[in-house]
Amino acid sequence: MLGWVARDDRVLRERPLGSWLLGSGEEHGRRVRLRVRFLLTGSLLAANAVGAAVAIALVTVVIPGPNVFVRDLLLVNFVAVPVYIFTALIGGTTWGIVRGLRVLRWATEGAELDEYQRRATLRLPAELTLMQALAWLGGLVLFTVLYAFVQPEVVPKVALSIMLSGTVTCANAYLLSEFSLRPIAARVLAHGPTPRRLALGVTVRTLVFWGVGSGVPVVGLMVVALLTLFQPGVTQLQLVVTVLALGLVSLVSGFMLTVLSTRATTAPIRTVRAALARVERGDLDTEVVVFDGTELGELQSSVNRMVAGLRERERIRDLFGKHVGEEVARAALSRQLELGGEVRDVVVLFVDVTGSTQIAQTRPPTEVVEVLNRFFTVVVDEVHAHDGFVNKFQGDAALAIFGAPSPVDCASSKALAAARATIERLAAEVPEFAVGIGVAGGQAVAGNVGAESRLEYTVIGDPVNMAARLTELAKGLPVNVAAAMSVVERASERERRHWREHDVVALRGRATRTRVAVPRSGPPPSGELTPVASPDPTSAP
């Protein structure tokens, strides 16, 4: 598994275009010009050299018929043929390179790409192949005429050899030039998909190269068989040599074209597989270089669009989590949102700034916002550190919940510890504000309230109201923190050591009096505390 992961990373990092010969795809200017010139020159020379060698082998050894090495044909064989081959090979290659660099001037000189240049660039492999076809067609016409004047009997043999080898040469030239121009095609396809009229589908491309690599040699065998009917002088040995030689040519040419065609097909698939492997591991910055003009290029583009969509979804999820809380966001994404809620046993922590109206009047708005952000940062850090959930910000106040939307072990202890840690950090890090913190617990309804088109997750119930009233009380206390004694009694023994009962007070808007606890000003006592039974959460505190 690790080997596949390393290999996939290497494919995208070192061979984003499918081969190390093509570079990184990020080269510009002179480097692109040199690389394209080198690859195109080598590709066209190799395709034509192989074609010329095949033609010579066919006309001299493979195809039965009159011998072309006779005294009357010396001038044609050793002067006209070499001169034309050299001229066509060098001239045709130079012509193709000059034409190609002229079309690709926008890429090598850093110019803007317009629609005409885009189409011309995508047509370039076919145009270069057409140039090679014209060169071989010229050779077919020239040699047919020359041999017809001197020895007409060899014309069918020569013509068949040139047509077979020329067809294979054109197929090789197309595949190799398409490979050489892949870095430029990637830059073109980055601006949009291939126009339909210029696209050569995978199916058509496969059938064409099957025909060239396998069909043409088989047709050659059939033509040779027909020629032997009109040449009764062909011996059994000649026929055997012809069949074996054409079979060998069929195997070699078919193998070469199959390899080239297969590599052209699998290269984009490998990059897609490597990109999907990286996305599976969570790397959403992955991007595939689109360099194929067939349906495989559309597949590469689809992967890029998919990853872009995942990045956007992750960004929205991150923003959603920051606005409503990570736990609420996960819950909302995991199931269908519905209005309503469920009764939960929760502990509520309410934090409010003292004298916020006066602060807003005496300080610039930007300074007030900056201090508030530092204030909320401390609150969020400590609430999250103690497994709580900051449900909402209300101006200069914050409401935190322990026990919803996800259950929390020993919510009372964690809420009380969060209150103590928050007040200590605020005094040290945000001395500009005086605050009050209230902690209350009990049963409340936690869920989504609002309308179908706009809803909000919140907690509604007596603990919320009580926490707000305790916060008002805490603002007048030296420690600035007040908690319902019922919450302290349900906390762990370790946490109860940090609290003491302060008073029994009548909170505003409540019919019964409430026992209030505050943090101890000094270190907690070391003695054992007598366990206190947890009160009924439905009874009044």
Side-chain angles (χ1 to χ4, degrees), residues 345-354 372 374-391 393 396-404 408-442 459 463-464 466-505 507 514-532 534-535 541:
D345 192 10
V346 299
V347 179
V348 178
L349 184 151
F350 195 83
V351 188
D352 191 18
V353 174
T354 303
L372 279 176
R374 288 194 284 121
F375 161 70
F376 287 131
T377 298
V378 172
V379 174
V380 171
D381 286 348
E382 292 302 328
V383 170
H384 286 177
H386 293 83
D387 299 331
F389 160 57
V390 178
N391 179 234
F393 299 117
D396 55 3
L399 175 66
I401 306 168
F402 295 79
V408 176
D409 293 335
C410 201
S412 297
S413 298
K414 293 182 177 180
L416 293 171
R420 292 188 297 103
T422 300
I423 201 65
E424 291 177 5
R425 282 192 59 185
L426 288 176
E429 300 177 24
V430 194
E432 297 92 339
F433 285 169
V435 301
I437 299 179
V439 182
V459 174
V464 180
M466 185 189 298
R469 299 295 179 259
L470 288 172
T471 301
E472 295 178 3
L473 175 65
K475 292 179 181 180
L477 299 177
V479 291
N480 297 122
V481 179
M485 194 63 192
S486 60
V487 176
V488 176
E489 291 172 342
R490 291 195 298 177
S492 65
E493 180 180 336
R494 180 178 180 180
E495 181 60 31
R496 292 204 309 270
R497 293 175 181 274
H498 296 278
W499 297 81
R500 62 179 177 84
E501 186 170 355
H502 171 68
D503 199 357
V504 179
V505 299
L507 298 177
T514 303
R515 296 167 60 203
V516 178
V518 295
R520 296 181 183 273
S521 57
S526 58
E528 293 293 331
L529 294 180
T530 302
V532 181
S534 299

Problem set entry | H502 vs L477 side-chain heavy atoms within contact, under 4.5 Å | yes
Problem set entry | Flag side-chain contact, heavy atom, 4.5 Å: V439 against L470 | no
Problem set entry | Rounded distance [0.5 Å steps], OG1 in T422 versus CZ in R420 | 10.5 Å
Exercise. Which pair of non-hydrogen atoms, one from D381 and one from R425, has the smallest distance, and what is that distance?
Worked result: CB-NH1, 3.6 Å
Problem set entry | Pairwise side-chain contact, V518 with R500, heavy-atom cut-off 4.5 Å (strictly under) | yes
Seminar exercise, completed: Heavy-atom closest pair (A415 atom, L349 atom, distance to 0.1 Å) is O-CD1, 3.6 Å
Problem set entry | side-chain contact (heavy atoms from CB on, under 4.5 Å) assessment of V504 paired with T514 | CA-CA 5 Å; V504 179; T514 303; over 6 Å; no
Exercise. Mind checking whether F402 and D387 have side chains closer than 4.5 Å, heavy atoms only?
Worked result: no
Problem set entry | Close side-chain approach of V346 to F389, heavy-atom, < 4.5 Å | no
For this session: Name all residues meeting the ring-ring contact (aromatic ring centres under 6.0 Å, His included) criterion together with F433; count only those two or more places apart in sequence or in a different chain, and write none if there are none.
Result: none
Exercise. Between H498 and R494, what is the shortest heavy-atom contact and its length?
Worked result: CD2-O, 3.4 Å
Problem set entry | OG-CG distance between S492 and D409, expressed to the nearest 0.5 angstrom | 12.0 Å
Problem set entry | Those residues that, when tested against R374, pass side chain to side chain donor-acceptor pair (under 3.5 Å) (two or more places apart) | E370, E432
For this session: Work out which heavy atom in K475 is nearest to a heavy atom in V353; give both atom names and the distance.
Result: NZ-O, 3.4 Å
For this session: Find the distance between CD (E472) and OG1 (T354) and round it off to the nearest 0.5 Å.
Result: 10.5 Å
Problem set entry | Distance, nearest 0.5 Å, that separates CZ of F350 from CD1 of I401 | 11.5 Å
Seminar exercise, completed: One should read off an interatomic distance between E429 CD and T377 OG1, to the nearest 0.5 angstrom, of 9.5 Å
Exercise. If every non-hydrogen atom of S412 is compared with every non-hydrogen atom of V487, which pair is closest and at what distance?
Worked result: CB-O, 3.5 Å
Problem set entry | Test item: R490 and D345 side chains (from C-beta on) under 4.5 Å apart, heavy atoms | yes
Seminar exercise, completed: CD (E495) and NZ (K414) are apart, to the nearest 0.5 Å, by 12.0 Å
Exercise. Taking the side chain as C-beta and beyond, is there a heavy-atom pair between F375 and V435 under 4.5 Å?
Worked result: yes
Exercise. Does R520 reach the main-chain N or O of W499 with its side chain, forming a donor-acceptor pair under 3.5 Å?
Worked result: yes
For this session: Return the minimal non-hydrogen interatomic distance between P463 and A440, and the atom names on each side.
Result: O-CB, 3.6 Å
Exercise. With respect to N480, which candidate in T471, V351, I423 satisfies the side chain to side chain contact (heavy atoms under 4.5 Å, CB included) definition?
Worked result: I423
Exercise. Are any of the side-chain heavy atoms of V459 and N391 separated by less than 4.5 Å?
Worked result: no
